[in-house]
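Contents: one structure, followed by commentary.
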Amino acid sequence: MGLFAAVPGALASQREYASAPACPDGTRSGSCTMAVPATVRGPDDEAHGRSVWHWVLVTEQGSDAVRRVRMAGAKPVFDAVRAGDVVTLTYWRDAIRTVRFGTASQETYASPSEDWRLPTAFGLLTLPFGVGLLLFGRWLRFRFPATLRPALSRPVMGILAGACLSCVGFTAAMLSDGLGQALLFTVAGIPPVALLVALYARRMRRRTTEPMLTAPCP
């Protein structure tokens, strides 16, 4: 649950940034956004293990300093810009949060718009599986030692359902457009996960009740 505790703060920052007004000309403040034109010096891909970090090298208007801006993904701006293109950098609280190129707009790695995603994804990954393990532990406490094999199917199926739903929740959080959509997809995944686990349990029950075939002795 500690992971979910970080989500409200991330959503608050997201809303604050989205609703921040543009700074008046010639002023700069942490409560408003400032648009600065810049010239692209070139894109830069940086390998990090199995992932790739996407950077855009820019020079702001009236400055010769080259800045590296890490982008959140590769589309739609990073893949489109080339050296010499003019983009607009949006500052908020002294950091570049958005890069605009023509009609396209892309968030940077420093943007608060994606801060909710990772804690939600890992929260949805661990919560269902953790609940399954907790229920399994309580079952062992009250049922052990009992006839193990027939009774063990129920808690094991619960853990299996929790693991499947955890994968659904993690994927939904990483691919959804917002928190509400991620939770909706996770809830929508409960019926198909329950159905698959029920079918698997039925198959396993049939296998355990089928008579074993023995080969004749030579």
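Any value given below was found using the heavy atoms of this structure, including those in side chains, with hydrogens, waters and symmetry copies removed.
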Inset, instruction - May I ask whether L57 and V36 are part of the same hydrophobic cluster, defined by side-chain heavy atoms of I, L, V, M, F, W, Y residues being less than 4.5 angstrom apart, directly or through others? - result: no
Inset, instruction - Identify whether Y91 and V69 are in the same connected component of the hydrophobic contact network (ILVMFWY, side-chain heavy atoms under 4.5 Å). - result: yes
Legend entry - Residue pair A20 / T33: nearest heavy atoms and the distance that separates them: CB-CG2, 3.8 Å
Legend entry - Within 6.0 angstrom of F101 CZ, more than 12 heavy atoms from elsewhere: yes
Inset, instruction - Report yes if some heavy atom in the side chain of T98 is under 4.5 Å from a heavy atom in the side chain of W92; otherwise report no. - result: no
Legend entry - Any donor-acceptor N/O pair, R97 side chain to A110 backbone, under 3.5 Å: yes
Inset, instruction - Identify the two heavy atoms, one from A172 and one from A182, that lie closest to each other, and give their separation to 0.1 Å. - result: CB-O, 3.7 Å
Legend entry - Aromatic ring pairing H54/F78, orientation class (parallel under 30°, perpendicular over 60°, tilted between): tilted
Inset, instruction - Would you mind reporting whether Y17 and E107 have side-chain heavy atoms less than 4.5 Å apart? - result: yes
Legend entry - Closest contact, heavy atoms only, V187 versus P191: O-CD, 3.6 Å
Legend entry - Distance-minimising heavy-atom pair for V77 and Q106: N-OE1, 2.8 Å
Legend entry - Inter-residue atom distance T186.OG1 - F170.CZ, 0.5 Å rounding: 11.5 Å
Inset, instruction - Taking the side chain as every heavy atom from C-beta outward, state whether I96 and R67 have any pair of such atoms under 4.5 Å apart. - result: yes
Legend entry - Closest non-hydrogen atom pair between C164 and V193, with its separation: CB-CG1, 3.8 Å
Legend entry - R82 side chain near D85 side chain, heavy-atom distance below 4.5 Å: yes
Inset, instruction - Would you indicate whether R100, at its atom CZ, is surrounded by more than 12 heavy atoms from other residues, nucleotides or ligands within a distance under 6.0 Å? - result: no
Inset, instruction - Using the ring-ring contact (aromatic ring centres under 6.0 Å, His included) rule, collect all pairs that involve residues 180-199, keeping only residues at least two apart or in two chains. - result: none
Legend entry - Heavy-atom pair with the smallest gap, counting every atom of A65 and S63: N-OG, 3.1 Å
Inset, instruction - Side-chain contact test, heavy atoms from C-beta onward, threshold under 4.5 Å: evaluate it for V56 versus V99 and give yes or no. - result: no
Legend entry - Rounded distance (nearest 0.5 Å) linking atom CE of M71 with atom OG of S111: 10.0 Å
